[in-house]
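In what follows, a single structure is set out as structure tokens and then discussed.
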Amino acid sequence: MRQLSDDWRELPPNPDPLDDLGYDLAELDFIPTSTSGGAEVLVLPTDDDMLREDAFLVVDKASVVDLTDRA
């Protein structure tokens, strides 16, 4: 019997987020906060229904990275 923990070995080196990993990507808005002088960013989903489900983050500005720049 194969263990679930070994499934990652069969993934391609650059897996597709949806097809290979099952991730459902969400559109996000990034809003610099005025109270911290822009050092923190409020991350909100663009879909209002997700926002009603408390889907938001407050992160350090240095933590926000455009993944297209990392490819």
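A distance of 8.5 Å separates CG in Leu28 from CG in Leu44, rounded to the nearest 0.5 Å. Once rounded to the nearest 0.5 Å, the distance linking CG of Asp29 with CD1 of Ile31 reads 5.5 Å.
Taking both residues in full, the closest heavy atoms of Pro12 and Asp20 are given as CG-OD2, 3.5 Å, listed atom of the first, atom of the second, then distance.
By the 6.0 Å contact criterion, CZ on Phe30 is enclosed, its count of non-hydrogen atoms from other residues, nucleotides or ligands being greater than 12. Heavy atoms from other residues, nucleotides or ligands lying under 6.0 Å from CG of Asn14 number 12 at most.
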